[in-house]
Amino acid sequence: MRFAEVPIEVNFPALERDVLARWTRERTFEESIARRRGCPDYVFYDGPPFATGLPHYGHILTSYIKDVVPRYFTMRGRHVPRRWGWDCHGLPVEFEIEKRLGLADRKQIVEYGIDRFNAACKASVLEFAGEWRAIIGRLGRWVDFDHDYKTMDKSYMESVVWVFKELHRRGLIYLGNKVVPYCTRCQTTLSNFEARMDDATRPRQDPAITVRFRSDDEADEYFLAWTTTPWTLPSNVALAVGPDIDYVLAEKDGARYWIAEARAAVYGLKGEKRAKGRDLAGRRYRPLLPYFTETPNAFRVLTGDFVTAEDGTGIVHMAPAFGEDDNALCKANQIEGPNPVKDDGTFDPTVTDFAGKHVFEANPSIIHKLKEQGALFRRETYDHNYPHCWRCDSPLIYRAISTWFVEVTKFKQRMIAANQKIRWVPEHVRDGLFGNWLENARDWAISRNRFWGAPIPVWQCAQCKTIEVIGGSEDIKRLTGKEVEDWHRPAIDEITWPCKCGGTMARVPDVLDCWFESGSMPYAQVHYPFEHKREFEATFPGDFIVEYVAQTRGWFYTLVVLAAALFDERPFKDVVCHGVILAEDGRKMSKRLKNYPDPMEVVERHGSDALRVALLSSAVLRGADIRFSESSVRDAVRRLCIPLWNSLHYFTAYARIDGFEPEVNFMFPSPTRLDRYLLSEAERLRAGVGEAMARWDFAGSYDLIEEFITMLSTWYIRLNKQRLWRHGVDDDKRHAYHALYLALTTLARVAAPFLPFLMESVHAALGGGESVHLADWPEASPWRDEGISDEMRALRTVVRLARSVREEHKVKHRHPLRSVAIAGLPDDVIAANHDLLREELNVKDVVAVAHPEEAVAPQVKLDYTRLGKRLRGDVKKVQAAVDAGDYRIVDGRLAAAGHLLDAEDFSFRYVARGEGMGVAAEGNLVVVLDLASTPELVAEAQMRDLNRGLQDLRKKARLGYSDRVEIFIDSPALAAVVATHKDWLMEQVLAVAIREQPIAAPLAVEEIEVGDEKVTIALVRAA
Ligand SMILES: [Zn+2]
Ligand SMILES: [Zn+2]
């Protein structure tokens, strides 16, 4: 038998486990790649996760996409190798290990030993790798874990080192002393994009103080400056004013204060004398605090374009070691500012009063001291979004530090040009979020004063300062004759060689920003250029990449930076940015709050395919944030999985009974319109999903699949039950079988990437042989028939409208009615579908009416409160025109008596002309049901109720479709009716007899409602 026995009841998670076992047994994944060897490559870049924790919904979402896309392109004839990757380096790991080893800071790490520390990092990074593999595998994602790459692999690190050297060779690397975001706890710089990632800023309350700087030239004259970082005041060496800003000199309590005119009122000051900022330039003031009074050229008023009068006082205090603008302005004015803050964030001994105190802790004491000496003018608190370290959550400071930079500003235009060639989904990200980010790109601080990472491959002679940049192990071998055993610290630091000057070349101790390593991924994962040179060059840029939208400031960005610098290219062609999956309560998913269900428990309850549907058909793939709830997964089971399974069950059950075998050369098209419709829709599904995937519309693909399954189960199969129920196989039945078989096999292949488990089962049950994932995507078929698709869509609307009429008037569908009148369907369509409509609407007669007015009266109600104001006296004219039928409705608006009324100005509906009629309309379709009843119709309704009850009873008794039964109906009131319709009923329920006495040991018994009557029915298998 070609077709498998498909049980009506199914446990989807168990079914998925069977499929997984089959994939493992048959090595289906490996086979799917091997079969495409030699075909054009499809390359997607996989953002590697850290294995320091377990996957969350965000990982699961991208994993599903990273599975759908490769499966799809494999079926479409591409070779799609998929290697898993692990992110291993960087602060996240170091931070975790510090906590575990109880190390408080850098110093303790060095004392503990960099080798032991890094060994601990290395041992921890793959701690959860096994769990990841199990979870990703259970989701059905096909990816090669056996040949994974790790950013800590020797080969990976060598490529990273090569990238650095290439940039250096092109003059794009420099060592600068710049103010950069800095974490005093991790004691390292962060890049400006790390400080601006979406999870990096959070509300913080800081003191905001206004201090007065005493003028050196005029007695009792002061400059007011405002700051939220009082700890920078000991390092003050200048004040800045905006050259074109108006300042006033205001008097208060015997002293006079310079302040921006626009800000004076905020301080309750009123100025008499006015000056432009440029007129104040050059004025001298007395140092606020006594630590750096000898600084040359300092304590002057300078002009800076960055100064605004939007907040504070319009006068900005300058501490060049702690502000980017401060640094630039003071440098330009030959002021070398002090940097009295140590790496750990404490003051050094030069700031005698606060030495050893962390800057944030020193704030209150500094304020106190200023108050004591009369310099504090006002004190407030300030709530702002302040950058925090994305790993350890400490507030960052901005601090001048010697750092290696990639000179991004030098090739920014090339990045912008490369970005124009990238296709973004959603499209607006290209010129919006990402485009703006590129426009404002700054040089990238890439050195980290840390331990666990790829080394900055720069060796320097302490004596003559010569530097040598290394681009791979060959370089080291040439210089030292030694092999590189390990690119990690401290091994790499032990490699030194004599300098020409007699000194020693030693590595600068920093490691690289781990974002530099992930940005190098396209090259490093294949060990380019040391290996796979040709393969890489043939497949770069990559075809596809997907991550969450904040990676525009992370991975997407660093990939673009390095690709533009190295190859003057975009790194990837297409990118999908998704939103964030929030908990059902709208908050971030939080382990502590337990506000979300464990993903693997969800999978074990409903199946991975259902979770896949729920996530990928949501708005999250259109860049929006979504709230996840388990009900969306349950919904997916109900909407897609169960109807599909029922359809499959139904088809295979009958096909088995009839021993149906599909014939290759069967005669198409079918004379039956429904068959042609089914196949037309199958082709529409195939083409539609192809088009949706071409624009990365995952939700659109799932919509089409769902529509098809709904149509299949609630329309085609339901309407064809009588056809397949008949005994024997004739041509008509063969047509139905072929149509169903082709529709299901097409669906299985089209939807295989989207519901990989379920479609594998469908394919197998249909006798598909080897895995559906080894099959080709279906070719275009000649089945598409727009005429019949439109016709059926209209018929489905008519059926829906008729149901709504029955619901409105509380007439059960099983109750037959005398007639229906339909307007809006061509006569020939009604004629061709006469039987279908009679059956579906359960009416004795179907009448076509040319104009709705033949059966119903249009009713227009004007909204007088709205129109009265606007039309005044003309309302009456409009009403008169409407009453006379002298009006038109065009595009939802009503034209009458020279006025055009909006949809809100009136209501329109049809009302039945006669008694006992029900009406529903949509577009140009109007359906009028004759609801009047007759004794014959009542009897028939009773028989249908009985039939339905008995059919349910057959199911309850778990009878096969062809099992014969004997029945008993316990109702004297119905005896006459049953006797009249005996033959019909027995044929319907496959009864060989209707017993007159109760059944002694029935297979099933049930009390049902027949009309208003409660009736007990029972059955037993026929002998
Ligand atoms: Zn930190
Ligand atoms: Zn030297």
Side-chain angles (χ1 to χ4, degrees), residues 50 52-53 87 89-110 112 117 121 124 175 179-204 229 231 322 341-346 358-361 385-399 401 403 445-453 457-470 475-476 478-480 493 495-516 553-554:
F50 278 108
T52 46
D87 217 345
H89 285 150
L91 277 181
V93 188
E94 290 199 32
F95 180 64
E96 184 60 35
I97 296 306
E98 276 178 59
K99 267 200 310 195
R100 274 191 220 172
L101 297 176
L103 302 170
D105 56 26
R106 269 186 62 84
K107 220 175 85 204
Q108 292 191 8
I109 296 172
V110 175
Y112 179 80
F117 180 76
C121 289
S124 82
L175 180 67
V179 176
V180 289
Y182 182 89
C183 175
T184 56
R185 205 219 64 88
C186 300
Q187 295 188 32
T188 187
T189 43
L190 284 94
S191 63
N192 60 339
F193 54 84
E194 281 173 309
R196 286 182 200 197
M197 286 201 305
D198 65 338
D199 51 352
T201 61
R202 64 207 50 185
R204 178 180 156 85
T229 51
W231 61 267
F322 308 110
V341 175
K342 297 204 291 187
D343 289 348
D344 61 2
T346 62
H358 190 276
V359 292
F360 289 121
E361 284 159 26
N385 261 330
Y386 192 82
H388 285 65
C389 177
W390 62 287
R391 274 334 297 179
C392 76
D393 215 25
S394 309
L396 300 176
I397 64 171
Y398 285 80
R399 179 172 182 257
I401 194 162
T403 306
I446 49 164
S447 54
R448 299 287 178 270
N449 192 8
R450 297 296 308 184
F451 310 98
W452 178 238
V458 176
W459 271 254
Q460 187 166 35
C461 170
Q463 224 161 290
C464 71
K465 303 291 174 198
T466 301
I467 68 163
E468 179 81 42
V469 178
I470 295 305
D475 287 352
I476 296 278
R478 182 170 43 78
L479 289 158
T480 66
D493 301 336
I495 296 177
T496 61
W497 62 90
C499 176
K500 286 189 211 91
C501 78
T504 301
M505 297 290 282
R507 199 182 71 82
V508 305
D510 293 355
V511 296
L512 279 163
D513 176 5
C514 61
W515 289 103
F516 189 92
R553 293 178 174 197

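Whatever order the structure lists ligands and atoms in, that order sets their numbers, starting from 1.
Put simply, CH2 on Trp231 and CD1 on Ile397 are 4.0 Å apart, with the number rounded to the nearest 0.5 Å. Taking CZ from Arg448 and OG1 from Thr403, the interatomic distance works out to 8.0 Å, rounded to the nearest 0.5 Å. Atoms NE2 and CG, on His388 and Leu190 in that order, are 12.5 Å from each other to the nearest 0.5 Å. To the nearest 0.5 angstrom, Leu396 atom CG is 9.0 Å from Cys186 atom SG.
Heavy-atom minimum distance, Leu103 versus Gln108: CA-OE1, 3.5 Å.
With contacts defined as side-chain heavy-atom distances shorter than 4.5 Å, the pair Pro387/Pro181 does not qualify. Looking at heavy atoms from C-beta onward, Glu96 lies out of side-chain contact with Phe50 at the 4.5 angstrom threshold.
Of the charged side-chain nitrogens involved, none lies within less than 4.0 Å of a carboxylate oxygen, so that Lys500 and Glu468 do not count as a salt-bridged pair.
Within the sub-2.8 Å shell of the Zn ion (ligand 2), the protein contributes these N/O/S atoms: Cys461 SG, Cys464 SG, Cys499 SG, Cys501 SG. Protein N/O/S atoms found under 2.8 Å from the Zn ion (ligand 1): Cys183 SG, Cys186 SG, Cys389 SG, Cys392 SG.
In terms of modelled atom types and a separation under 3.5 Å, the side chain of Gln460 and the main chain of Ile467 share no donor-acceptor contact.
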